[in-house]
Enquirer: 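Below is the structure I would like to discuss, written out as structure tokens.
None of the values given here were measured: they were computed from a predicted structure. Every heavy atom of this structure was used, including side-chain atoms; hydrogens, water molecules and symmetry mates were not.
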Amino acid sequence: MPEADLIDYTAPALCEEFTVLCVDDEANILASLRRLLRRSGYQIITAESGAAALVILGQEKIDLIISDMRMPEMNGAEFLSIALNYWPNIPRILLTGYADIHSTIDAINKARISRYISKPWDDQEMLGIVEEALTVKRLERDKNQLNSLIGEQNKKLQELNQSLEAQVKARTYELEAAISELHAMHEKLKKGFVTSVRVFANLIEMRANNLSGHARVIADLSRKVARQLSLTEAEIQDTFIAALLHSIGKIGLPDSLLAKPFVEMTLQERNIYANYPGKGHAALMALEQLQGASAIIRSQHERYDGLGYPDKLVAAEIPIGARILGLCSDYESLQAGFLTGKPMLQSEAIKNIESSSGKRYDPRVVEAFLSVIARPEYSHEQLIRSKDLKPQMVLARDLLASGVMLLAKDHVLDERLIRQICAFEKSDHSALEIYIQVK
């Protein structure tokens, strides 16, 4: 990753406050983690087994756990599951390999890990994930402190005499400011969550170069169709998130199978491929914020006539978000040639969708889809050079470099990010396509 990457990993004030426990039975791995994290100012404690780490957790104040998956006697999933039971507020990160996908899913479900990182890791990515986990912990702590402050202020207000009206008004103003800060923090966390999902979707697609941006296109189209159907904001959000992560279950599939169009697969290959929606559902179902999205991912290949998979649901039994995602995914895949091996024109893909209304697709969703496709797109964006960027400008599209997302759509730029964008272009000897929202 270039030195001028858009994520700032320094944040010394944050690092100095936290202690990280690293657990691995290989001394060289522990040494690498210690060198990497100490450079950023974190306090590092190491343990060579899950049992030794549990003793340390009982004696020391630990803010983050990083554990390897494969360890003798007690593996990472077992150790982190025990840590969850006794120290649930400590974020947990698992080091694993692609071959450990089932163990990773087990760790997600049983130990509720915050993130998992594939070995060998990228140093900058590791630092970014660690800082992100500790930043969330810090925000939660600040939120609790603010909630406690609000409680104390409310109690004082009840005790004030009516003659202290001026003081009451002053206290009320302080409380409103605190509540406003909480709301702002909550919105920031929500935006950070969506950005994290976008980044993760981008990482999933990096396994196949021809898929770059595919999930984002499907997600944007799915969101438009969901709005056309007047779904609730929660349903629209679940549909959008599910579309971004709809291929997460493919992580465990071999590259040769991912590169093959569905019509060219053998029966055995199709049976293997058909398991990916269920695997995606299993990987996400333990995360409370993704319950709705995980159900949509599981049912994305169900058919309106009941001939789909994995549960052969019929019509309204299929979650509305899954009915939308299935249609939008097929529409984009037909044009890209992922289903038939031969790309279709947009008109051909639309005709294919229309011919399957009432069979593969919900007629109501088809009608909403056709309305969205027929609607002219009015440009509310402007392509701008990095030297012309100004603070408070808002990205109209994801900011990409060689197919990798650097910043998500709707991100508000500030002076620091603008400097980093300019530095990135200089170090990469390239000009980024930066689209800014125009009012």
Enquirer: Got Tyr42 and Glu131 here, is their nearest side-chain heavy-atom distance under 4.5 Å?
Expert: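 Of all side-chain heavy-atom pairs linking Glu131 with Tyr42, at least one is under 4.5 Å.
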Enquirer: What distance do Ile93 atom CD1 and Cys22 atom SG have between them, rounded to the nearest 0.5 Å?
Expert: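 Ile93 CD1 to Cys22 SG: 9.5 Å, rounded to 0.5 Å.
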Enquirer: Do Phe79 and Leu57 touch side chain to side chain, with heavy atoms closer than 4.5 Å?
Expert: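 Yes, close enough: below the 4.5 Å cut-off.
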Enquirer: For Gln145, does the CD atom sit with more than 12 other heavy atoms under 6.0 Å from it, leaving out its own atoms?
Expert: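 Yes, the 6.0 Å shell around CD holds more than 12 heavy atoms from other groups.
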Enquirer: Could you pull out the closest heavy-atom pair between Gly76 and Ser67, with the gap in Å?
Expert: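 What the structure gives for the nearest pair is CA-OG, 3.8 Å.
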Enquirer: Within the side chain of Glu78, is there an N or O that forms a donor-acceptor pair under 3.5 Å with the backbone of Asn75?
Expert: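 It does hold such a pair.
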Enquirer: Taking C-beta and beyond as the side chain, do Arg223 and Thr239 meet within less than 4.5 Å on heavy atoms?
Expert: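 In short, these two side chains do not touch, never coming nearer than 4.5 Å.
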Enquirer: Could you list the donor-acceptor pairs under 3.5 angstrom formed by side chains in residues 312-320, with sequence neighbours left out?
Expert:
| residue | atom | partner | partner atom | Å |
| --- | --- | --- | --- | --- |
| Glu317 | OE1 | Val314 | N | 3.0 |

Enquirer: For residues 323-338, which residue pairs qualify under salt bridge (charged side-chain N to carboxylate O under 4.0 Å, His left out), counting only residues two or more places apart or in two chains?
Expert: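 Only Arg323-Asp362 qualify under salt bridge (charged side-chain N to carboxylate O under 4.0 Å, His left out).
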Enquirer: To the nearest 0.5 Å, tell me how far Ile384 CD1 sits from Leu432 CG.
Expert: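 With rounding to 0.5 Å, CD1 (Ile384) is 13.0 Å from CG (Leu432).
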Enquirer: Are any side-chain N or O atoms of His246 and backbone N or O atoms of Ala243, one a donor and one an acceptor, separated by less than 3.5 Å?
Expert: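 At least one qualifying donor-acceptor pair exists.
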Enquirer: Residues in side-chain contact (heavy atoms from CB on, under 4.5 Å) with Thr266, at least two apart?
Expert: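 Expected list: Gln268, Glu269.
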Enquirer: Check whether more than 12 heavy atoms from other residues, nucleotides or ligands sit under 6.0 Å from atom CZ of Arg385, and answer yes or no.
Expert: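 No, not enclosed.
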Enquirer: Measure across Ala83 and Ile65 and return the closest heavy-atom pair with its distance rounded to 0.1 Å.
Expert: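 Scanning both residues, the minimum pair turns out to be CB-CD1, 4.0 Å.
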Enquirer: A side-chain contact here means heavy atoms from C-beta on lying under 4.5 Å apart; do Leu36 and Trp121 qualify?
Expert: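 Touching, per the 4.5 Å side-chain cut-off.
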Enquirer: Evaluate the side-chain proximity of Leu54 to Met74: yes if any heavy-atom separation is below 4.5 Å, no if none is.
Expert: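 Answer yes - side chains close enough.
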Enquirer: Quick check for you: to the nearest 0.5 Å, what is the distance between Arg419 atom CZ and Leu389 atom CG?
Expert: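 These two atoms lie 13.0 Å from each other.
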Enquirer: Ignoring hydrogens, what is the shortest heavy-atom contact between Ile248 and Gly280? Give both atom names and the distance.
Expert: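 For Ile248 versus Gly280, the nearest heavy atoms are CG2-CA, 3.6 Å.
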Enquirer: Rounded to the nearest 0.5 Å, what separates atom CD in Gln43 from atom CG in Leu37?
Expert: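 Here the rounded value is 11.5 Å.
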Enquirer: Looking only at heavy atoms, which two atoms of Pro391 and Glu415 are closest? And how far apart?
Expert: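 Minimum heavy-atom separation between Pro391 and Glu415: CG-CG, 3.6 Å.
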Enquirer: Assess whether side-chain contact (heavy atoms from CB on, under 4.5 Å) is satisfied between Arg216 and Leu244, documenting all intermediate values.
Expert: CA-CA 6 Å; Arg216 292 193 297 275; Leu244 284 174; 4.2 Å; yes
Enquirer: Among all residues two or more places apart in sequence or in another chain, which pass the side-chain contact (heavy atoms from CB on, under 4.5 Å) test with Thr232?
Expert: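 side-chain contact (heavy atoms from CB on, under 4.5 Å) list for Thr232, sorted by chain: Ala234, Glu235.
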Enquirer: Checking Glu26 now: which residues fulfil side-chain contact (heavy atoms from CB on, under 4.5 Å) with it, not counting sequence neighbours?
Expert: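 So Glu26 forms a side-chain contact (heavy atoms from CB on, under 4.5 Å) with Asp24, Asn28, Ile29.
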Enquirer: Please give me the minimum heavy-atom distance between Leu95 and Asp68, naming the atom from each residue.
Expert: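 In this case the closest contact between Leu95 and Asp68 is O-OD1, 3.3 Å.
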Enquirer: Are side-chain N/O atoms of Asn89 and Trp87 paired as donor and acceptor at under 3.5 Å?
Expert: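 The answer is no; no qualifying pair exists.
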Enquirer: Applying side-chain hydrogen bond (donor to acceptor under 3.5 Å, both in side chains), can you list everything that pairs with Arg34, at least two apart in sequence or on another chain?
Expert: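 Arg34 satisfies side-chain hydrogen bond (donor to acceptor under 3.5 Å, both in side chains) with Thr46 only.
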Enquirer: Mind checking ring-ring contact (aromatic ring centres under 6.0 Å, His included) for Tyr331 and listing every partner two or more places apart, or none if nothing turns up?
Expert: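 Scan of Tyr331 (ring-ring contact (aromatic ring centres under 6.0 Å, His included), adjacent residues dropped) gives Phe369.
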Enquirer: Which residues pass the side-chain contact (heavy atoms from CB on, under 4.5 Å) test with Asn271, not counting sequence neighbours?
Expert: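 Applying side-chain contact (heavy atoms from CB on, under 4.5 Å) to Asn271 gives Leu267.
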Enquirer: Would you list the pairs meeting salt bridge (charged side-chain N to carboxylate O under 4.0 Å, His left out) in which at least one residue belongs to residues 36-45, sequence neighbours left out?
Expert: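 Not a single pair qualifies under salt bridge (charged side-chain N to carboxylate O under 4.0 Å, His left out).
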Enquirer: Between Leu229, Ile324, Ile236, Val372, which is the residue that forms a side-chain contact (heavy atoms from CB on, under 4.5 Å) with Lys224?
Expert: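 Answer to the side-chain contact (heavy atoms from CB on, under 4.5 Å) test with Lys224 among Leu229, Ile324, Ile236, Val372: Val372.
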Enquirer: So which pairs with a foot in residues 300-323 pass ring-ring contact (aromatic ring centres under 6.0 Å, His included), sequence neighbours left out?
Expert: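 As it turns out, the ring-ring contact (aromatic ring centres under 6.0 Å, His included) pairs with a partner in residues 300-323, which skip direct neighbours, are Tyr276-His301, His301-Tyr309.
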Enquirer: Under 4.0 Å between a side-chain nitrogen and a carboxylate oxygen: does that hold for Lys61 and Asp63?
Expert: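 Counted as a salt bridge, because a side-chain N and a carboxylate O are separated by less than 4.0 Å.
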Enquirer: What's the shortest heavy-atom distance between Ser40 and Leu127, and which atoms?
Expert: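 That would be OG-CD2, 3.5 Å.
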Enquirer: Name every donor-acceptor pair, under 3.5 Å, that has one atom in a side chain of residues 291-298 and the other anywhere in the protein, sequence neighbours excluded.
Expert:
| residue | atom | partner | partner atom | Å |
| --- | --- | --- | --- | --- |
| Gln291 | NE2 | Met285 | O | 2.0 |
| Ser294 | OG | Leu290 | O | 3.2 |
| Ser294 | OG | Gln291 | O | 2.8 |
| Arg298 | NE | Asp311 | OD2 | 2.9 |
| Arg298 | NH2 | Asp311 | OD1 | 3.0 |

Enquirer: Which residues pass the side-chain hydrogen bond (donor to acceptor under 3.5 Å, both in side chains) test with Arg303, sequence neighbours left out?
Expert: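 Scan of Arg303 (side-chain hydrogen bond (donor to acceptor under 3.5 Å, both in side chains), adjacent residues dropped) gives Asp305.
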